[in-house]
Number of protein chains: 2
Amino acid sequence: MQRVTIYSVAQACGVSSSTVSRAFTRPDLVNDEVRQRVLDTAAQMGYRPNRSARATATGRTGMVGLVVPDITNPFLPPLVRAVQRAAGLAEWSVLLVDAEGNAAAEARLINQLQGQVDGLILASPRARPDALREAIRDLPAVLINREVSGLPSVVCDTAQALSKIGDQLLQLGHREVALLGGPVDSWAAGQRAAAVRNWAVGAGVVLDELGPFDASFEGGRDAADHMLRTGATAAFAFDDVMACGVLAELAARDVAVPGQRSVVGCDDVLMARMVTPSLSTVTAPTDQLGGVAVDLLHRAIDTPSARAEARTLPGRPVLRGSTGPAPSR
Amino acid sequence: MQRVTIYSVAQACGVSSSTVSRAFTRPDLVNDEVRQRVLDTAAQMGYRPNRSARATATGRTGMVGLVVPDITNPFLPPLVRAVQRAAGLAEWSVLLVDAEGNAAAEARLINQLQGQVDGLILASPRARPDALREAIRDLPAVLINREVSGLPSVVCDTAQALSKIGDQLLQLGHREVALLGGPVDSWAAGQRAAAVRNWAVGAGVVLDELGPFDASFEGGRDAADHMLRTGATAAFAFDDVMACGVLAELAARDVAVPGQRSVVGCDDVLMARMVTPSLSTVTAPTDQLGGVAVDLLHRAIDTPSARAEARTLPGRPVLRGSTGPAPSR
DNA sequence: TTGAAAGCGCTAACAA
DNA sequence: TTGTTAGCGCTTTCAA
């Protein structure tokens, strides 16, 4: 029993190999009856188009590279899923690459993807803009949660949501608030910090800018320690993971949340609901982020000349158990 | 400026295309000096071997499919990373496929991978054995955390670790213990249940078998509810996620952990350290699981005739804050 | 140690 | 609407 190719199918059908090929790739160009016959015998013979051969012939691999800075960051798996689902709809396979938290590795990994994929989706990459652009070369690429001029991107705008949560804190009586900063090479960290700063000025509250801290549980514990040395009664953590660390450290020190301190996260990862108290945070529209990214990549591939589009999707504020009235003095 | 191929490099070097090809794939077959010259000009011209063309010629894609049942399960991302790292060492790219928690989708997805990859790594697949075997067909495949006769596999043995934790509970005075069962189609759930049962018989403790529950936070809350209706002072949850749900529900009902109830998880996911109290659990040797899986796949590909090997790696018990002395009556 | 040439399975002009 | 044919870029005999 031989490998089944378009040739064996063609022979079995009494047509030429091109007809078989067309039956699969350009069904409209083939007589209905013939096409059906081809498809049937192909199915029956267990024919599966050889992706590699197709790729050599067309120059398209049918694969997209998805590069993530750190797959263990709980924000990413749902995003990976979203991208995967959207890509699947476009008949794309996803080549996942994890930079293992190493910003320097990103460029190298992107490089390795060259020639293996039709396009790139980069989820909140940490590499510097020039390194990024050089690694990407002329491969169509889309960024998620980061903007770099000249590259298409889709980001979650957390500014509005954060400011809404801020207003809530204000109403709850908080007058001094801490900003627990995230990694300096994180674009999102910059955006979020700016948003909180902006809100603080408008709201007239005292803002204690602390950090940068590691975007991790331990970083959060560290941040809580610093926060307790200020007069802040509430804190915006860079993300939910850090916020969880803050909660843990506060609990360890018998500082009641939300009784004595309020804590706000960002991203709304699965864990945000699981901790006690549950985290007030900003929900990112993960599915849409993935969908739009794939969509933009489609365009970037089909119309390489088109101007890079920078899209923004709003985050949604969610108030849960970790925010409450400021303690009375 | 044209695409650079072995031909352009060959021309620039004054050698034949086969020599260029060899310089990359069989360097030993080429004169040292010539090879160096070829490699240098290739690098300088920015030559990158075309994976697809190579694949059509050799019949090897240089890719492995990694199928996971649910990428949002926190146990998996570290495993994905481990597999990816090991695969990278073998010059393999990883095509990640997420079944989105849908057992039925697994077989379909595996099927789609046919012809696209050289082999398959299936992380704790849920599909039934026959469906699995049929989907795999004659693609080399390795299972992680599941055993199916005839297929190579590497699993984490949690039995010893669970029994050790059980012994600890015994010493702490627990005499009635609950087993919060996981999904029935999970092989690991079966193994863990058997381990706990076994230990319980040997230790002479009363075992309340409850469930099956959903392997989720909500499933854990549900399980806690059931547990509280028994006399159990300690519980083995199917996994850490479920255990977190148990902790949350107990906290919500003001049942102190570990004061009134002890809780044991399994897997030692990141979250296990983050919850309060931190979870006593079983640490899986994730990196090794990934490494061995890739190793086994290597063999399965190189020696298709070889007998399927079923390897076992021990889990390690970790006692943290969620286990303590049984409450005195 | 090297080169010529056939072929991997498929697509895409072009012609019929 | 179909078939013929020439590639896609690479590997791999086979001869030299």
Side-chain angles (χ1 to χ4, degrees), chain A residues 1-39 41-43 45-63 91 93 113-118 301, chain B residues 1-39 41-42 45-63 91 93 113-118 139 301:
Chain A
M1 179 149 170
Q2 277 277 46
R3 243 185 168 300
V4 4
T5 70
I6 46 170
Y7 295 105
S8 37
V9 175
Q11 193 161 32
C13 261
V15 297
S16 82
S17 59
S18 357
T19 301
V20 177
S21 173
R22 284 192 202 102
F24 284 96
T25 50
R26 320 285 314 267
D28 48 305
L29 295 186
V30 141
N31 177 293
D32 283 13
E33 192 243 322
V34 177
R35 171 163 32 82
Q36 205 43 249
R37 192 151 48 87
V38 170
L39 261 32
T41 44
M45 297 175 70
Y47 167 75
R48 310 187 134 282
N50 179 324
R51 305 279 230 115
S52 313
R54 185 175 282 180
T56 38
T58 58
R60 293 257 174 118
T61 61
M63 297 198 295
E91 304 258 84
S93 301
L113 246 23
Q114 293 280 349
Q116 235 181 135
V117 297
D118 295 337
I301 291 178
Chain B
M1 178 148 170
Q2 276 278 43
R3 245 186 165 299
V4 7
T5 70
I6 47 170
Y7 296 105
S8 38
V9 174
Q11 192 161 35
C13 259
V15 297
S16 82
S17 59
S18 351
T19 301
V20 177
S21 173
R22 285 192 201 102
F24 283 96
T25 50
R26 319 285 315 267
D28 48 305
L29 293 186
V30 114
N31 177 295
D32 283 13
E33 192 243 323
V34 176
R35 171 162 33 83
Q36 205 44 249
R37 193 151 47 87
V38 170
L39 261 34
T41 45
M45 297 174 69
Y47 166 75
R48 310 186 135 283
N50 179 323
R51 305 279 230 114
S52 313
R54 186 174 280 180
T56 38
T58 60
R60 294 260 175 114
T61 61
M63 297 199 295
E91 305 258 83
S93 300
L113 247 22
Q114 293 280 348
Q116 232 181 136
V117 297
D118 295 337
L139 206 60
I301 291 177

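Please read all numbers here as calculations on a predicted model, not as lab measurements. Letters go in sequence order (proteins before strands), and every chain restarts at 1.
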TODO: Start with the C-alpha gap between B:Y47 and B:T41, add the side-chain angles, then the distance that decides, and say whether side chain to side chain contact (heavy atoms under 4.5 Å, CB included) holds.
DONE: CA-CA 9 Å; B:Y47 166 75; B:T41 45; over 6 Å; no
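Side-chain N/O atoms of A:R48 and B:Q114 include no donor and acceptor closer than 3.5 Å.
The two residues A:D118 and A:I301 come nearest to each other via the heavy atoms O-CD1, 3.6 Å. Looking at every heavy atom in both residues, A:A12 comes nearest to A:M45 through CB-SD, 3.8 Å. Of all heavy-atom pairs spanning A:A23 and A:V30, the tightest one is N-CG2, 4.2 Å.
For A:R54, there are no salt bridge (Lys or Arg N to Asp or Glu O under 4.0 Å) partners two or more places apart in sequence or in a different chain. In terms of the salt bridge (Lys or Arg N to Asp or Glu O under 4.0 Å) criterion, A:E91 has no residue partners (sequence neighbours excluded).
Annotation: the span from A:R37 atom CZ to A:N31 atom CG amounts to 9.0 Å, rounded to 0.5 Å. Taken from CE in A:M63 to OG1 in B:T61, the straight-line distance is 8.0 Å, to the nearest 0.5 Å.
From one end of the helix from C:dT1-D:dA16 to C:dA16-D:dT1 to the other, with five pairs defining each end axis, the axis direction shifts by 30° (rounded to 10°).
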Task: Per-nucleotide protein contact string for nucleotides 8-16 of chain D (B base, S sugar-phosphate only, - none; heavy atom under 4.0 Å) - done: BBBBBB---
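Note on residues 14-32 of chain A: pairs passing salt bridge (charged side-chain N to carboxylate O under 4.0 Å, His left out), not counting sequence neighbours, are A:D32-A:R35.
Nucleotides of DNA chain C lying under 4.0 Å from heavy atoms of chain B occupy a range whose first and last members, 5' to 3', are C:dT1 to C:dC8.
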